[in-house]
A.B. asks: 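I'd like to ask you about the structure that follows.
Quick caveat: nothing in here was measured; it's all calculated off a predicted structure. Whatever order the structure lists ligands and atoms in, that order sets their numbers, starting from 1.
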Amino acid sequence: MTVLAGIAQNVMIVVLADFLDSVLAYFSAANSDGNIKSILVLICAYVGLQLFVWAEPNLFEWFRMKCQIQMRRYCNDVLLDKYSKIKYCYTEDDETQNLIERVMPQAEDKLTECFCCYLDIAGFIIKVAGILVILANATVWTALVVFLCAAPLFILAIKSGRATYETAKEVTQLQRQAEYYSDVAAGKEFAYERKLFKYGDFINAKWKERYDVARKTKLRTGIKWYVKSKMASVFTAIIGILSTIVLINPVLNGEMTVGLYISLVGAIYEFIKVMAWDFMEDIDWLTNTKEYMKDYNSFLDLEEDKEESGKDIFREEFKSLEFQNVSFHYPNSERYVLNGISFTIEANKRYCIVGTNGSGKTTIVKLILGLYDDYQGKILLNGRDVKEYRRAEIGKICSAVLQDFSRYSLSVRDNILLGGLKYNRKIDDAELSGIVSEVGLQSEVKKLKQGMDTVLGSHFKDGQDFSGGQWQRLTIARNLAGDSKIVFFDEPTAALDPIAERNFYQSLQFISNLKTTVVISHRLAVTRHSDMIYVVCDGAIGESGTFEELMERRGDFFEMYESQKVWYDEGTKRYSECY
Ligand code: ADP
């Protein structure tokens with residue numbers, strides 16, 4: 001359709017020229033017997049072509065909308081699928097986050113726009129080529145001048161397109177920061193502290209600062225683009241006017257008919273108009289979207305978790321997990337967080353990994369869960385390197401109750417069932433209520449309006465919220481819905497009140513009877529009843545042993561214990577009450 005519309009516009013120039021010449025011939029005294037029939041045919045042809053040229057953009061718009069809807073489905077499938085598969089380390093990398101932020105939002109619009117730009121430009125090239133051929137047919141040099149005028153505009157438009165995208169890149173970073181401040185200033189998550197500390201103006205000022213820089217950067221490039229393109233359009237207009245004056249000469253010499261002259265002049269002015277506005281914008285957009293496509297491809301090239309290769313282990317009986325001299329630093333830092341750490345976790349025992357904040361405890365869990373795999377040393381599962389197993393299999397054996405666990409605005413039932421999905425477990429109502437009572441949520445769930453089917457959180461109408469401790473118990477329930485063999489608890493009591501802490505210890509005791517448990521904490525109350533305590537110090541195991549052994553040794557653990565004695569005594573009391 002685009003090609004036909006381009007051709008139609010050129011045919012219109014010729015038809016109009018013929019029509020004008022025929023009319024002039026008809027009315028001139030020398031040709032008074034001119035053919036009225038051919039004039040009518042030309043009028044019909046012109047009207048037909050005009051109708052097609054008029055209908056084409058409307059049809060094109062309909063097609064563009066259809067294309068956009070299809071693209072939305074495609075982008076959701078492809079981009080979300082990719083996003084779910086990329087390596088975890090990317091989610092903690094600022095540059096990749098910026099890339100994702102540039103690629104994911106409104107991808108369907110950008111891809112459709114890119115395709116439509118190609119079509120627009122193809123149509124434009126056909127139109128220009130047609131005008132040049134008609135011009136060259138009459139006078140070659142005018143065609144040459146018009147052609148040479150277009151070349152610098154092309155280059156200018158491409159350059160400004162790149163500049164626009166570079167600005168967009170710079171602005172994305174600023175916009176992400178501004179969005180964060182906007183979340184703090186208006187988001188629900190921060191509402192409580194916002195009221196408490198009354199920091200609204202302070203954060204607003206920070207938001208405004210980022211927003212202003214982003215706005216000014218955008219405006220600067222916009223103005224530059226506008227000035228450049230307008231200067232270019234003035235230049236083209238002058239050339240256009242000159243060529244229409246110069247074309248009078250061939251008309252006077254009889255090299256060009258009057259009809260062709262009038263028709264061509266009209267076409268040249270139309271060409272200037274298109275060149276100055278639409279074409280510059282199209283090329284600018286095209287370069288812009290070409291840069292977008294580069295980002296799009298970089299996103300699709302991001303490394304994915306390797307799921308398929310490797311052995312299965314889930315059906316095997318879990319025997320041991322061992323760190324052998326493991327060292328690791330995060331990709332964005334040279335500093336080693338783990339320095340040759342070695343320890344063993346055996347089946348059906350209770351472990352504690354303790355250490356001060358920042359000593360590398362959470363990093364150990366991240367390595368076990370396979371979130372990072374570029375470490376030195378070995379992690380062995382049942383005596384075999386974990387890298388030999390399929391990642392999904394490791395994910396089935398190990399589960400974790402993380403410090404910053406997720407709160408899903410789903411029903412209580414779905415919140416728990418999520419934990420059984422990867423095991424394809426069918427959990428009936430009896431088992432579900434068993435799990436709920438094991439984590440001590442039975443009475444809370446009973447109080448909810450729709451019981452297990454109550455949607456939690458405030459994202460939905462009638463949603464009801466849980467307290468921090470209740471959410472944590474729900475996370476534990478989610479873990480119980482799965483068939484994992486080891487559960488890691490990362491700082492489980494850090495944010496709990498005494499009653500919630502007591503409830504947690506009860507759940508822990510229950511889970512310890514079913515699975516191997518590893519509690520990671522800087523609080524020592526939980527260590528007393530574990531079979532083995534590992535004390536992490538500067539990314540390595542400083543001490544290990546049972547509670548009594550470590551206390552007797554009077555080393556780091558003893559010192560930490562003494563310094564925490566006041567709240568530790570309270571905690572131990574609560575913990576002992578459960579045993
Ligand atoms: P712990 O759980 O013992 O408090 P972590 O394992 O969370 O400590 O962190 C150990 C160290 O690694 C800290 O100094 C922390 O700043 C650093 N760290 C944690 N996550 C990242 C990350 N994604 N990128 C860079 N450094 C990190």
Side-chain angles (χ1 to χ4, degrees), residues 83 86-101 173 176-177 180 302-303 305 321 323-343 345 351-377 379 386 394 398-406 468 472 475 486-496 501 504 508 517-527 530 532-544 550 555-557 559-561 563-564 567-568 571:
Y83 190 64
I86 58 173
K87 283 187 157 193
Y88 175 80
C89 58
Y90 292 127
T91 59
E92 292 188 354
D93 177 54
D94 198 43
E95 228 168 80
T96 319
Q97 281 306 305
N98 283 334
L99 175 76
I100 291 168
E101 192 69 21
Q173 172 106 9
R176 265 187 63 213
Q177 293 165 355
Y180 172 74
L302 289 179
E303 258 188 273
D305 286 326
L321 178 73
F323 268 53
Q324 273 187 356
N325 217 10
V326 173
S327 297
F328 173 75
H329 65 83
Y330 282 95
N332 56 359
S333 155
E334 295 293 304
R335 188 174 65 85
Y336 273 84
V337 175
L338 299 179
N339 290 301
I341 193 168
S342 301
F343 63 89
I345 289 166
Y351 288 87
C352 274
I353 299 179
V354 297
T356 49
N357 277 333
S359 55
K361 303 182 298 294
T362 304
T363 308
I364 292 173
V365 186
K366 286 184 186 170
L367 295 196
I368 293 171
L369 295 178
L371 303 184
Y372 290 92
D373 55 13
D374 44 356
Y375 52 83
Q376 289 119 48
I379 303 177
V386 283
I394 309 281
C398 309
S399 70
V401 176
L402 299 172
Q403 204 173 346
D404 46 358
F405 49 82
S406 304
Q472 195 208 38
T475 313
I486 320 176
V487 188
F488 293 88
F489 293 90
D490 191 4
E491 297 287 2
T493 55
L496 298 186
E501 191 176 342
F504 166 74
L508 179 63
T517 55
V518 183
V519 177
I520 290 165
S521 181
H522 67 281
R523 296 178 64 168
L524 305 184
V526 75
T527 57
S530 59
M532 175 65 87
I533 303 163
Y534 291 116
V535 183
V536 183
C537 192
D538 293 334
I541 300 295
E543 290 176 353
S544 61
L550 290 177
D556 286 344
F557 182 83
E559 256 179 50
M560 278 165 72
Y561 177 85
S563 66
Q564 292 182 6
W567 42 277
Y568 153 80

A.B. asks: Can you confirm whether the side chains of T363 and Y372 place a donor and an acceptor under 3.5 Å from each other?
C.D. replies: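 There is no such pair between these side chains.
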
A.B. asks: Identify the two heavy atoms, one from G360 and one from L338, that lie closest to each other, and give their separation to 0.1 Å.
C.D. replies: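 What the structure gives for the nearest pair is O-CD2, 3.7 Å.
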
A.B. asks: Nearest non-hydrogen contact with atom 4 (O) of ligand 1 belongs to which option: S359, G355, G358, S333?
C.D. replies: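 Going through S359, G355, G358, S333 one by one, G358 has the nearest heavy atom to atom 4 (O) of ligand 1.
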
A.B. asks: For V536 and I364, run side chain to side chain contact (heavy atoms under 4.5 Å, CB included): C-alpha distance rounded to whole Å, both residues' side-chain angles, the deciding distance at 0.1 Å, then the answer.
C.D. replies: CA-CA 10 Å; V536 183; I364 292 173; 4.2 Å; yes

A.B. asks: Flag the pair I541 / F323 as yes when at least one side-chain heavy-atom distance between them is below 4.5 Å, and no otherwise.
C.D. replies: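 Counting from C-beta outward, I541 and F323 never come under 4.5 Å.
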
A.B. asks: Quick one: does any side-chain atom of S333 pair with a main-chain N or O of Y330 as donor and acceptor, under 3.5 Å?
C.D. replies: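 No, S333 side chain to Y330 backbone: no donor-acceptor pair under 3.5 Å.
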
A.B. asks: With heavy-atom distances below 4.5 Å as the criterion, would you say the side chains of L508 and F489 are in contact?
C.D. replies: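 The answer is yes; the side chains approach within 4.5 Å.
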
A.B. asks: Using a 4.0 Å cut-off to any heavy atom of N357, which atoms of ligand 1 qualify?
C.D. replies: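 Selected atoms, number and element: 4 (O).
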
A.B. asks: Is E543 reaching over with its side chain to a backbone N or O of L550, donor-acceptor style, under 3.5 angstrom?
C.D. replies: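 Pair absent, no side-chain N/O of E543 close to backbone of L550.
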
A.B. asks: Among all protein non-hydrogen atoms, which one is nearest to atom 23 (N) of ligand 1, and what is the separation to 0.1 Å?
C.D. replies: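 Answer, as residue, atom name and distance: E92 OE1, 2.3 Å.
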
A.B. asks: So which bit of R335 gets within less than 4.0 Å of ligand 1, heavy atoms only: side chain, backbone, both or neither?
C.D. replies: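 Contact part for R335 vs ligand 1: side chain (C-beta onward).
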
A.B. asks: Pull out every atom of ligand 1 sitting under 4.0 Å from any heavy atom of T356, numbered as shown with elements.
C.D. replies: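 The atoms of ligand 1 under 4.0 Å from a heavy atom of T356 are 3 (O).
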
A.B. asks: Which residue and non-hydrogen atom of the protein lie closest to atom 24 (N) of ligand 1, and at what distance in Å?
C.D. replies: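 Answer for atom 24 (N) of ligand 1: N332 OD1, 3.3 Å.
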
A.B. asks: Should one rank Y88, Y330, Y336 by closest heavy-atom distance to atom 22 (C) of ligand 1, which comes out on top?
C.D. replies: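 Nearest heavy atom to atom 22 (C) of ligand 1 lies in Y330.
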
A.B. asks: Identify the heavy atoms of S342 and N325 that sit nearest to each other, and give their distance.
C.D. replies: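 In terms of heavy atoms, the two residues are closest at OG-N, 2.8 Å.
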
A.B. asks: May I ask you to list the atoms of ligand 1 that are less than 4.0 angstrom from any heavy atom of G360?
C.D. replies: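 Contacts of ligand 1 toward G360, numbered from 1: 1 (P), 3 (O), 6 (O), 8 (O), 10 (C).
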
A.B. asks: If you have a sec, work out which protein heavy atom is nearest atom 2 (O) of ligand 1 and how many Å separate them, to one decimal?
C.D. replies: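 Result for atom 2 (O) of ligand 1: T362 OG1, 2.6 Å.
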
A.B. asks: Quick test of your reading of the structure: of I520, D490, V337, whose heavy atom lies closest to atom 11 (C) of ligand 1?
C.D. replies: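 Closest candidate by heavy-atom distance is V337.
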
A.B. asks: Which atoms of ligand 1 have any heavy atom of T363 under 4.0 Å away?
C.D. replies: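 Those of ligand 1 that fall under 4.0 Å from T363 are 5 (P), 6 (O), 9 (O), 10 (C).
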
